Amino acid sequence: MEKAYDPQKVEGKIYQYWLDSGVFDAEINPDKQPYCIVIPPPNVTGVLHMGHALDETIQDLLIRWYRMRGFEALWVPGTDHAGIATQNVVEAQLAEEGLTRDDLGRENFVARVWEVKEEHHGTITAQLQRIGVSVDWRRERFTLDEGLSRAVREAFVTLYEQGLIYRGARMINWCPRCGTGLSDLEVQREETQGHLWYIRYPEPDGGPGVVVATTRPETMLGDTAVAVHPHDERYADMIGKTVILPLMEREIPIVPDDYIDMEFGTGALKVTPAHDPNDLEIAQRHDLPSILVIGLTGKMTEETGPYAGLDRYDCREKVVADLAQLGLLERIEDYVHTPGQCQRCDTVVEPLVSTQWFVKMAPLAAKGLAAVDSRKVSFIPERWTKVYRDWLESIEDWCISRQLWWGHSIPVWYCDDCGEQTCARSDPTRCAHCGSEKIRQDPDVLDTWFSSALWPFSTLGWPDETAELDYFYPTSVLVTGYDIIYFWVARMIMMGMHLVGREPFGEVFLHGLVRDEHGQKMSKSRGNAVDPIGLMDEYGADAMRFALAQLITHGQDVTYAPDRLVGARNFGNKLWNASRFVIMNLTDAAPVDLDTVELSLADRWILSRHSRMLAQVDRQLAGYNLAQAADAIYEYVWSEFCDWYVEVAKTDLYGDDAARKATVQTILRKLLSEILRAIHPFMPFITEDIWQRFAPDEGSISRQQYPQAEETWRDEEVEAQMGLLQAVTTEIRTLRAELKINPGQPVTVSIIAPDEAATSLVASQRQAVCSLAAVEQLDVATAPADAPSDAISAVTGGVQVYLHLAGAIDVEKEAARIQKEIAEIEQDRLRSKDKLQNPDFLNRAPAAVVNKERAKLAGFDQDLEKLRAQVKRLSSISR
RNA sequence: GGGCGGAUAGCUCAGUUGGCUAGAGCGCCUGCUUUACACGCAGGAAGUCGCAGGUUCGAGUCCUGCUCCGCCCA
């Protein structure tokens, strides 16, 4: 084995080995319990970012853990066609060639997108493989492949037949740049510095009329009323009268409506039903007409007369200028507002009434809520349940049609003869209503999230009643970021409940988003995105995974911390070298039966700690506390196994006692075997590589059993005893360090223990202490006639440690050091003493807590007494 | 406007039902080629746990209010 672990050399080979040996393949196995995760499908044209790295790390960790615990673990991979996002990517490519999608025509354009898809598919899957994803590649799916298209079709037709999908004219969000309608979720609001224009609408008889305030003066061309609050005294006598809409010279009514906020602007609201959802509601209450003034390309419609054909922003300027000219522009104020923007291109969207396809959400939302109320689905962390509930409880119908070319076609045909719709599972040749052959398919495609909503069951074969669906559905857990609870999680739950009749997954683990080192959201446009591939090139996939695992705490955003990568990489190297050491020393190992052979204190201690660690990892992983699980392993492996046990074991490994040697070898083999397996879900590559050297005949570590905590090894007493020895050892080391005695230079130490038990403990472990602290001669006594006069001293747990010096000691310095220690302990002692003098504490605190406090105080007293004696001794020396 | 999350060592963060003498990684200081590892070893310094109240024998942990930062919804 090399002196240092080199991830670049092994990761590629190991992944190939896994693929070749089929260890990730899952089968339907009635003898095993299924455990299934479907991957949140990355956009097929996307590149891997830190969010994926985090998401895949968690899922792979869980899948590998369950697989090793004997579950039939299936992780289904796949990619998403990502309708609008992908279409935009390809359109941007075309733009560079000076082309638009219309130049190509629909068929050629879609063919082109498929080409791009094929190109990118290899990239994203190769990148996923770098992370080490243990997915069953045989089952890979694509949201636009044949099977999933059939699922989409089935879902659409079913919902259509049930009246849950309908076509209608409603207020939607329109992106003039993308040229498509959007759902409410695809609109993002960002604070923008704008203006508030105050415009006077005079009365027909030339009276002053009312002044309205608006952030969008161009929409006034479509105004059909002015609304005021019914209790607004300023306008009491205006209600029921009319005013003249300037520029259009249209007479419009003043209507009373409770919706009006009297504080805002002048308290008078211009009503543009075609371009504002609230205005539309007011219009419906007052039976007002609606006039579409901004068209689908963002240009003014024919309804706007002289303004027709103008871009909406140019029109705004002209309207404002014209109003100023007429003397009807009262004033302009700066104003911060939050216009909706297209999630994909940031263009300000236009709310407008349009005929689109919608999913009727109320009945589905009820099922989605029931799934959570009945605990069929639970969120981790739990607080997201409320976010989910709040959304479903006030949900609007979902606009699912998109005026795009890349996506699932809407399976509806319109009849030119009778005008009816035909919605069918297979393409019809004639109208289902009149039999006419003059039918045309709806040109629109579906929102990409419609197919995503079916993902957990469509990937398992739905709508067919496949064995996979039967065995693996409902899946076990969904792992994703909290940013797509509405987009994806909620819709999967609703669709699963409604279409399959069962929840798509039992648990939803929502993790945070990855931010840069300054806590900023990572994004391409900010230029602060960290490339996970670069990290893996530099530190290795295992280091990245482990670092991420250490940062995953419940729902908290993850701040990228380069330091963590270094720490994780170092940990991998530590594991590598500890393994190297163990493997090197097992050459002539003859295993012994640990249940019958005599074990040393250190043996029993490490077995106890080991067992404790495994229990901890188990508990923390079960609760999705990945960071705590990772830390438990890290801490144990480095600070206990390596720092103490391996060091103690060296004495036996290099010694003459064959029995002891065999025992230690047996323990090291067991521990290493279990450590490797315990770490494998976190760091799959390095553990596999070591495993192949450690146990070459046993096949992939990914198929070994996950180690279980063995309660019988737990031993509090042994842990306490070892704790004392560790404290003594550390004291000797501290004294050495203070005197700057080199590690190679052996010293003589006297130990004075407070009682027989401690004395025999230290005496029996003399060899270990000597080796750990490089002590040549160690004397142990219960109570010496005289404290050594040529030594400096320290006290721990009632045990006095004297380090003998060849020459005279620096009495001043030594006294100062001890005084400082006394002062520190004194503080703690006082706090402890106060507590124990408080009768309420004695009466009300549990006995165990009180006893613990008493022991603590006794310990302080004991140490203080000894330290004071030492001060006395020093002063006698100085005389 | 409503809701949620965060504020703990120089930095990034742990701290599960209140018992803590508040931890880790990185950084910092001192010493060390100790034959697994300098991606290392040993030792050390460093925190009024955002602020103000309250509950309690006991609060980083529970309650109330406030400040600042971030996010979501309207």
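Numbers restart at 1 for each chain; the letters A, B, ... are given by sequence-line order, proteins then strands. Only a predicted model underlies this, so the values are computations on that prediction, with no experimental measurement involved.
You'll find that the side chain of Arg515(A) is closest to G70(B), out of A14(B), U12(B), G70(B). The side chain of Tyr654(A) approaches A36(B) more closely than any other nucleotide in the set G43(B), A36(B), C37(B). For Gln620(A), counting side-chain heavy atoms from C-beta on, the closest listed nucleotide (U16(B), A36(B), C41(B)) is U16(B). Ranking C37(B), U21(B), G19(B) by closeness to the Lys856(A) side chain, first place goes to U21(B). Side-chain proximity of Arg383(A) to G19(B), C4(B), C41(B): nearest is C4(B). Residue Gln628(A) places its side chain closer to A14(B) than to any other of C72(B), A14(B), C13(B). For Lys386(A), counting side-chain heavy atoms from C-beta on, the closest listed nucleotide (A24(B), G3(B), G19(B)) is G3(B). Of the listed nucleotides (G15(B), U12(B), C39(B)), C39(B) has the atom at the smallest distance from the side chain of Ala4(A). For Thr734(A), counting side-chain heavy atoms from C-beta on, the closest listed nucleotide (A36(B), U16(B), G43(B)) is G43(B).
Judged by distance alone, the side chains of Tyr636(A) and His610(A) do bring a donor and an acceptor atom under 3.5 Å apart. Residues Ser183(A) and Glu186(A) bring a donor and an acceptor atom of their side chains to less than 3.5 Å of each other. Residues Glu507(A) and Tyr624(A) have side chains that bring a donor and an acceptor to within less than 3.5 angstrom of each other.
Note on Phe641(A): nothing from the nucleic acid sits closer than 4.0 angstrom, heavy atoms only. Ala578(A) comes within contact range of at least one nucleobase, with a heavy-atom separation under 4.0 Å. Looking at heavy-atom distances under 4.0 Å, Ser579(A) makes no contact with the nucleic acid at all. Contacts of Val849(A) with the nucleic acid, taken as non-hydrogen atoms under 4.0 Å apart, include base atoms. Among the atoms of the strands shown, only primed sugar atoms or phosphate atoms (P, OP1, OP2) are found under 4.0 Å from some heavy atom of Arg733(A). Lys574(A) comes within 4.0 angstrom of a base, heavy atoms only. Note on Arg569(A): a base of the nucleic acid sits closer than 4.0 angstrom, heavy atoms only. Counting any heavy atom pair closer than 4.0 Å across all strands shown, Pro839(A) reaches no nucleic acid atom. Heavy atoms of Glu738(A) sit nowhere under 4.0 angstrom from any nucleic acid atom. Residue-level contact check: Tyr634(A) touches the backbone only, with heavy atoms under 4.0 Å from sugar-phosphate atoms and none from bases. The residue Val646(A) sits close to a base: some heavy atom pair falls under 4.0 Å. Within 4.0 Å of Asp828(A), counting heavy atoms only, lies at least one base atom of the nucleic acid. Among the protein residues, Met1(A) comes within range of no part of the nucleic acid, since none of its heavy atoms lies under 4.0 Å from any strand.
Considering only heavy atoms from C-beta on, Arg564(A) comes within 4.5 Å of Leu551(A) through its side chain.
Protein atom CZ of Arg831(A) is 6 Å distant from nucleotide atom P of U21(B), rounded to whole Å. In this structure, Gln827(A) places its CD atom 13 Å from P of U21(B), rounding to the nearest Å. Atom-to-atom, CG of Asp618(A) to C1' of U16(B) comes out at 15 Å; the value is rounded to the nearest Å. For the pair Asn570(A) CG and G40(B) C1', the interatomic distance rounds to 9 Å; values are reported in whole Å. The distance from atom CG of Asp643(A) to atom C1' of C37(B) is 11 Å, rounded to the nearest whole Å. Taking atom CZ on Phe860(A) and atom C1' on U21(B), their separation rounds to 5 Å, with Å as the unit. The nearest whole Å value for the distance from the CG atom in Asp563(A) to the P atom in C39(B) is 16 Å. For the pair Leu575(A) CG and C39(B) C1', the computed distance is 13 Å after rounding to whole Å.
Atoms SG and CG, from Cys642(A) and Leu575(A) in turn, are 8.0 Å apart once rounded to the nearest 0.5 Å. Rounding to the nearest 0.5 Å places NE2 of His229(A) at 5.0 Å from CG of Asp258(A).
OP1 and OP2 of C39(B) both lie 4.0 Å or more from every side-chain N or O belonging to Trp638(A). Between Lys852(A) and G19(B) there is no side-chain N or O to OP1 or OP2 distance below 4.0 Å. Taking only side-chain nitrogens and oxygens, Lys650(A) comes nearer than 4.0 Å to OP1 or OP2 of A36(B).
Using atom C1' as the reference point in both C13(B) and A7(B), the two lie 12 Å apart (nearest Å). Nucleotides C32(B) and C37(B) have their C1' atoms positioned 15 Å apart, rounded to a whole Å. Distance check on atom P: A14(B) versus U8(B) gives 10 Å, rounded to whole Å. Comparing the C1' positions of C49(B) and C20(B) gives a spacing of 12 Å, expressed to the nearest Å. Atom name P, nucleotides U64(B) and A24(B): the rounded distance is 33 Å, in whole Å. Nucleotides C26(B) and A22(B), compared at atom P, are 22 Å apart to the nearest Å. Nucleotides A42(B) and G47(B) are separated by 24 Å at their P atoms, to the nearest Å. When the P atom is used for both G60(B) and G18(B), the distance is 13 Å, rounded to whole Å.
Summarising the base pairing, U67(B) is matched to A7(B) through a Watson-Crick or G-U wobble pair whose two defining distances lie under 3.5 Å. Look at C28(B): its Watson-Crick or wobble partner, with both distances under 3.5 angstrom, is G44(B). Remark: A22(B) base-pairs with no nucleotide in the shown strands. Criterion, Watson-Crick or G-U wobble with two distances under 3.5 Å. Of all nucleotides present, only C73(B) satisfies the Watson-Crick or G-U wobble test against G1(B), with each distance under 3.5 Å.
At a cut-off of 3.5 angstrom, the base of A38(B) holds no donor-acceptor pair with the side chain of Lys3(A). One can find a donor-acceptor pair under 3.5 Å joining the base of A36(B) and the side-chain atoms of Glu647(A).
Of the two residues near RNA chain B, Asp631(A) and Glu853(A), the one whose nearest nucleotide lies more 5' is Asp631(A). Each of Trp644(A) and Thr559(A) was assigned the nucleotide of RNA chain B with the nearest heavy atom; the assignment lying further toward the 5' end belongs to Thr559(A).
Taking the ring centroids of Trp576(A) and Tyr5(A), they lie under the 6.0 Å cut-off.
The backbone N or O of Leu836(A) lies less than 3.5 Å from no partner atom in the side chain of Arg854(A), so there is not a single donor-acceptor pair.
Here Asp828(A) pairs with Arg831(A) in a salt bridge; the nearest charged N to carboxylate O distance falls below 4.0 Å. With respect to Asp557(A) and Arg515(A), a salt bridge is recorded, a charged nitrogen being found less than 4.0 Å from a carboxylate O.
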